[in-house]
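Presented below is the structure to which this report refers.
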Amino acid sequence: MISFNEVYFSYPNQPIFNNLNFSIKEGSFIFLLGNSGSGKTTLLQLLYMNLLPTNGNISILNYNSSTIKKKEIQTLRRKLGIVFQDFKLFDDKTIFDNLSFILEATGYKSKYIKEKVFNTLSEVGLQHKAHNFPYELSGGEKQRVAIARAIINDPKILLADEPTGNLDPETSFEIIKLLKKVNIRGTTCLITTHNYGLLNTTLSEVYKINNYNIEKVSLDY
């Protein structure tokens, strides 16, 4: 489903990945660890092709970074769910409108959009907040909205960038439970984090960015 094949990537004077070979199977639930600046966010950007490798190639959902056309990148992204570190919610739109605009952009009819938005908000426990604005929500609620927005199109793959980074431990645990529920439904999940306390909260595979590459981590500690 996802594979990095001899991938090199660097910013000016800052190498990030060096001959990276890494793959993710369909249905996986994976935590990706790494220190600040190690390349966790960069790896996600490579997956949704906001960045392209310096050398090597990345394959995801039958798209390849070496051959993908510019117009196909948007098609790829519609098949992905992406949870950003800073939520990226529209402060001047209600929670309902933050979700509905995604479906409107793909041409769905209003009746379907309304039903889908409320069903998705119900999944994350926020149906009662549909007509609130983001500034009226707590950090944990905003993260749930961000997840709802990411899953509303029933993505094949969910990429979550530090989804618990600014949350308290109890809320963090609830967010991971929610992501696991999405995974059980059939979505492959890749979650970046620096919070080792999350690793034993659910059945998962754990990897770490180390020395410009990715290695598997044992949880026997």
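Bear in mind that the values here come from a model prediction, so they are computed numbers and not experimental data. Both backbone and side-chain heavy atoms feed into the values below; hydrogens, waters and symmetry mates do not. When a residue number appears, it is its place in the shown sequence, counting from 1.
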Can you list every pair that meets salt bridge (Lys or Arg N to Asp or Glu O under 4.0 Å) and has a residue in [range], with sequence neighbours left out?
| range | answer |
| --- | --- |
| residues 187-209 | Glu205-Lys216 |
| residues 39-60 | Lys40-Glu162 |
| residues 190-204 | none |
| residues 49-62 | none |

**OP:** Compare every heavy atom of Asn213 with every heavy atom of Asn19, then report the nearest pair and how far apart it is.
**Re:** O-ND2, 3.3 Å
**OP:** Please report the shortest heavy-atom distance between Ser66 and Gly56, naming the atom on each side.
**Re:** OG-O, 4.0 Å
Original post:
Are Ile184 and Ile147 linked, directly or through other ILVMFWY residues, by side chains that come within less than 4.5 angstrom of each other?
Top reply: no
Can you give each donor-acceptor pair under 3.5 Å made by side-chain atoms of residues 122-133, sequence neighbours left out, with the distance rounded to 0.1 Å?
unit_1: Glu123; atom_1: OE1; unit_2: Arg185; atom_2: NH1; d: 2.2
unit_1: Glu123; atom_1: OE2; unit_2: Arg185; atom_2: NH1; d: 2.9
unit_1: Asn132; atom_1: ND2; unit_2: Glu136; atom_2: OE1; d: 3.3

Subject >> side chain to side chain contact (heavy atoms under 4.5 Å, CB included) between Leu20 and Ile214, intermediate numbers included >> reply: CA-CA 7 Å; Leu20 172 60; Ile214 293 177; 3.8 Å; yes
Original post:
Tell me, which pairs form a side chain to side chain donor-acceptor pair (under 3.5 Å) where one or both residues lie in residues 173-183, sequence neighbours left out?
Top reply: Lys180-Asn183
Compile the donor-acceptor pairs under 3.5 Å between side chains in residues 102-118 and protein atoms, sequence neighbours left out, one pair per line.
unit_1: Thr106; atom_1: OG1; unit_2: Leu103; atom_2: O; d: 2.8
unit_1: Lys116; atom_1: NZ; unit_2: Asp154; atom_2: OD1; d: 3.3
unit_1: Lys116; atom_1: NZ; unit_2: Asp154; atom_2: OD2; d: 3.1

**OP:** For Asn166, enumerate each residue passing the side chain to side chain donor-acceptor pair (under 3.5 Å) test, keeping only those at least two apart in sequence or located in another chain.
**Re:** none
Donor-acceptor contacts under 3.5 Å from residues 67-75 side chains, at least two apart:
unit_1: Glu72; atom_1: OE1; unit_2: Lys69; atom_2: N; d: 2.9
unit_1: Gln74; atom_1: OE1; unit_2: Arg77; atom_2: NH1; d: 3.2

Original post:
Going by the ring pair (Phe, Tyr, Trp, His ring centres under 6.0 Å) test, which pairs reach into residues 47-85, not counting sequence neighbours?
Top reply: none
Subject >> Pair Ser65-Asn57, side-chain donor/acceptor within less than 3.5 Å >> reply: no
Subject >> Under 3.5 Å side-chain donor-acceptor pair for Asp161 and Thr41 >> reply: yes
Validation: residues 10-18 side-chain donor-acceptor distances under 3.5 Å, sequence neighbours left out:
unit_1: Tyr11; atom_1: OH; unit_2: Thr42; atom_2: OG1; d: 2.7

Under 3.5 Å, sequence neighbours excluded: what are the donor-acceptor pairs made by side chains of residues 22-38?
unit_1: Ser28; atom_1: OG; unit_2: Lys25; atom_2: O; d: 2.8
unit_1: Ser38; atom_1: OG; unit_2: Asn35; atom_2: N; d: 3.4
unit_1: Ser38; atom_1: OG; unit_2: Asn35; atom_2: O; d: 2.7

Original post:
Does a sphere of radius 6.0 Å around CG in Asn62 hold more than 12 heavy atoms from other residues, nucleotides or ligands, not counting ones at 6.0 Å or beyond?
Top reply: no
